[in-house]
Amino acid sequence: MADPPRPPSHLREEHRRTVSEPDGRARRIPYRFEPDATAADLVERFGALDDGAESGTTATVAGRLMLRRVQGKLAFATLQDNSGPGADGRIQLFAPAGTTPDFDGFCSLSLGDWIGVRGEVMKTRRGELSVRVDEWALLAEARRAFPDKWHGLTDTDTRYRQRYVDLWVNDDARRTFLLRSRLLSLTRRWLEDRGFVEVETPVFHTIAGGGHAKPFVTHHNALDMDLYLRIALELHLKRLVVGGFEKVFEIGRVFRNEGLGYRWNPEFTMLELYEAYADYGDMMDLTEQLVAHLATELRGATRLTYGGRPLDLTPPWRRASMTELIEERTGRRLDLTTPLDDLRQACDEFEVPWTAGDGPGVLLLELYEKTTEAELWGPVFVTDYPAEVSPLARAHRERAGYVERFEPIIAGREIGNAFSELQDPVEQRATFEAQARRKAAGDEEAMAVDDDYLRALEYGLPPTGGLGIGIDRLVMILADVATIRDVILFPTLRPEAGS
RNA sequence: GGGCCGCUAGCUCAAUUGGCAGAGCGCCGGACUUUUAAUCCGUUGGUUCUGGGUUCGAGUCCCAGGCGGCCCA
């Protein structure tokens, strides 16, 4: 690909010439390099070496040059590799002029250059574990200047657009994404250990179902038809329960055509799982056990802090109905038996907008979200949602007008959604049709009738518990970060000017 | 979508009421054999986000736009 013409500002960032061999030729970059140790390994194995001692062991390491201290006939440098966030992944390089090949070339390396080094593992007189530079090779030149070695990179825009730089200079960024990776791995293993099977279902949907959200639309040329990017995993996974996958899960990207914010990115990662013969109570048990397991593995405890405030994820978590929590928060007893006019009056009082088409269930949910949800530090399972706003959940076994549904709330945010799943195809068709009427009336987030899903239910869905967890939000809690953009490697951004 | 705040050298930041656009780090050159944000000396580096306007004079004031952050819906 030809380089486009560059503006002067880019040329200025090419801050130096190509590093050359002692004879002036361009330095050759090897095609491969074989490190046999990492910074973290060496600290672990040789950390106890005496000051000034040599280990008698030779190691080969590779990474980026992050600091450099040339002192005449002796040079020190700090190499960072992938073996740990921040200081855990750093090792000092020790380069005396007398033994270092092409000492001048080594001293002329810049911050950000990739190098490979082979040499004796030793400790300096001042007690810093080091690899002596008996051999070294330039692996890549940093032709753009690295950010300030002390202040790093703080501009959020640059951090998100140039994550490849952020990961090197901000320890927290690397730490958070390593935590995210481990969280995904631990979640898979934990579920598999309990007999769950991981599957992959389509990202392109002909009907965007399973959630309350505006979908993205794309077009398939050969079929000449519009397709939606999935807003949820739910309906395909329940088809698989019909198909006999009794414990099934998927961790996948979903897409919602909504605004961006500290908790919202248009594409995000959902875990959804379905368990035959289980109900929403079982899903609460599973949720608190899984989250407690992840907290223990990733943070060493279930008593954490989030944003400086204590957060105790130790099971069991409180379980309380939505109406009960609204009453605690507002002092008002509001439920589905409250006259519609009273609910509307409460909405006006709490500045909740409503329309004439909104039933009591919609108003109750809106009131809950406006007055109560953000105040719940939790963890707490908010249970028993109005049927009117829960078209895929099964009717509550005791409370008329409600369904068996809960959302786990942590730090004022919903991190998931779960039901005793609606089994009955006749009831399901009725709730789909109610949704379709809302859609026809202008609710862009309402669902459409999914005839194939209804056909699947007609073959028989056993009693099933289903759970969805927003992985990004869970990572936010466990990594103790405030914005979703800090847990998504390449968050959605507006294009840069001029691109 | 609304309100508020921000955008100055590669990075982190200064610049009194409108009055010569600066520092540290980086980069480049020099000194230095136990440094670790090494230190010391000397350079280099600017479309002050963009476009208009007011003014003798605009980084600074006004208008429009771009991008980002925070709060609200």
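Naming convention: chains lettered A, B, ... in sequence-line order (proteins, then strands); numbering from 1 in each chain.
Where A/G152 and A/L74 each meet RNA chain B at their nearest nucleotide, the meeting point lying more 5' is that of A/G152.
Considering only the side chain of A/L111, B/rC27 comes nearest among B/rC67, B/rU33, B/rC27. The side chain of A/T483 approaches B/rC70 more closely than any other nucleotide in the set B/rC70, B/rA37, B/rU12. Distances from the side chain of A/L153 to the nucleotides B/rU12, B/rU34, B/rA37 place B/rU12 closest. Here the side chain of A/L493 is nearest to one of B/rU34, B/rC70, B/rG68, namely B/rG68.
The partner of B/rC40 is B/rG30, by the rule that a Watson-Crick or G-U pair needs both atom distances under 3.5 Å. Pairing for B/rG18 is absent, judged as Watson-Crick or G-U wobble with the two contacts each under 3.5 Å. A 3.5 Å limit on both hydrogen-bonding distances identifies B/rU50 as the Watson-Crick or G-U partner of B/rA64. Base-pair partner of B/rU8: not found among the strands shown (Watson-Crick or G-U wobble, both distances under 3.5 Å). Searching all strands for a Watson-Crick or G-U wobble partner of B/rA58 with both distances below 3.5 Å returns nothing.
For A/R69 and B/rU33, the CZ to C1' distance is 14 Å, given to the nearest whole Å. Computed from coordinates, the A/Y164 OH to B/rC11 P distance equals 12 Å when rounded to whole Å. The CD atom of A/E369 sits 15 Å away from the P atom of B/rC72 (whole-angstrom rounding). Protein atom CG of A/D104 is 15 Å distant from nucleotide atom C1' of B/rC28, rounded to whole Å. For A/E445 and B/rA73, the CD to C1' distance is 13 Å, given to the nearest whole Å. Between A/M66 atom CE and B/rC11 atom C1' there is a gap of 12 Å when expressed in whole angstrom units. Atom CG of A/D157 is separated from atom P of B/rC67 by 10 Å (rounded to the nearest Å). If you measure from atom CG of A/L67 to atom P of B/rU34, you get 19 Å, rounded to the nearest angstrom.
The phosphate of B/rU34 has neither OP1 nor OP2 within less than 4.0 Å of any side-chain N or O from A/K73. For B/rG26, one of the phosphate oxygens OP1 or OP2 lies less than 4.0 angstrom from a side-chain nitrogen or oxygen of A/K149. Phosphate contact (OP1/OP2 of B/rU12, side-chain N/O of A/T154, threshold under 4.0 Å): present. For A/Q71, a side-chain nitrogen or oxygen approaches OP1 or OP2 of B/rU34 to under 4.0 Å. Contact check, A/R143 against B/rG26: no side-chain N or O comes under 4.0 Å of OP1 or OP2.
A/G52 comes within 4.0 angstrom of nothing in the nucleic acid, heavy atoms only. Residue contacts shown for A/T156 are limited to sugar-phosphate atoms, with no base heavy atom under 4.0 Å away. When heavy atoms are screened at a 4.0 angstrom cut-off, A/V70 is found touching base atoms of the nucleic acid. Within the nucleic acid shown, A/R159 has no heavy atom closer than 4.0 Å to any nucleic acid atom. At the heavy-atom level, A/R494 lies under 4.0 Å from the strands shown only through sugar-phosphate atoms. The residue A/K123 sits apart from the nucleic acid: no heavy atom pair falls under 4.0 Å. Across all strands, A/R161 comes closer than 4.0 Å only to sugar-phosphate atoms, never to a base (heavy-atom distances).
Distance check on atom P: B/rC5 versus B/rA23 gives 31 Å, rounded to whole Å. As rounded to the nearest Å, B/rC62 and B/rC20 have C1' atoms that lie 25 Å from one another. Comparing the P positions of B/rA9 and B/rA14 gives an interatomic distance of 12 Å, to the nearest angstrom. Atom C1' of B/rU48 sits at a distance of 11 Å from the matching atom of B/rA15, rounded to the whole Å. Rounded to a whole angstrom, the distance from the C1' atom of B/rG59 to that of B/rU33 is 47 Å. The P atoms of B/rC28 and B/rU16 are separated by 34 Å, rounded to the nearest whole Å. For the P atom pair drawn from B/rC41 and B/rC25, the interatomic distance equals 10 Å after rounding to whole Å. Between B/rU12 and B/rA31, the distance separating the two C1' atoms is 28 Å to the nearest Å.
In this structure, the separation between OG on A/S181 and CZ on A/F177 is 11.5 Å, given to the nearest 0.5 Å. From A/I477, atom CD1 reaches atom CG of A/L304 across 9.5 Å, with rounding to the nearest 0.5 Å. Note that the OG1 atom of A/T323 and the CG atom of A/L334 stand 9.0 Å from one another [nearest 0.5 Å]. One distance of note links CG of A/L111 with CH2 of A/W168; it measures 13.0 Å at 0.5 Å rounding.
For CD of A/E44, the number of neighbouring non-hydrogen atoms (other residues, nucleotides, ligands) closer than 6.0 Å is 12 at most.
Aromatic ring orientation, A/F406 versus A/F381: perpendicular (interplanar angle above 60°, classes split at 30° and 60°).
A/N417 and A/R405 share a donor-acceptor pair across their side chains, judged by distance under 3.5 Å alone. Between the side chains of A/D41 and A/T38, at least one donor N or O sits under 3.5 Å from an acceptor N or O.
With ring centers used as reference points, A/Y228 lies 6.0 Å or more from A/F204.
Look at A/D486 and A/R159 and you find a salt bridge, because one of the NZ, NE, NH1 or NH2 atoms lies within 4.0 Å of a carboxylate O, short of that distance. Salt bridge A/R90/A/D171: present, at least one basic N to carboxylate O contact under 4.0 Å.
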Expected rows: protein N/O vs nucleotides 22-24 of chain B N/O, under 3.5 Å:
unit_1, atom_1, unit_2, atom_2, d
B/rG24, N2, A/D148, OD2, 2.9

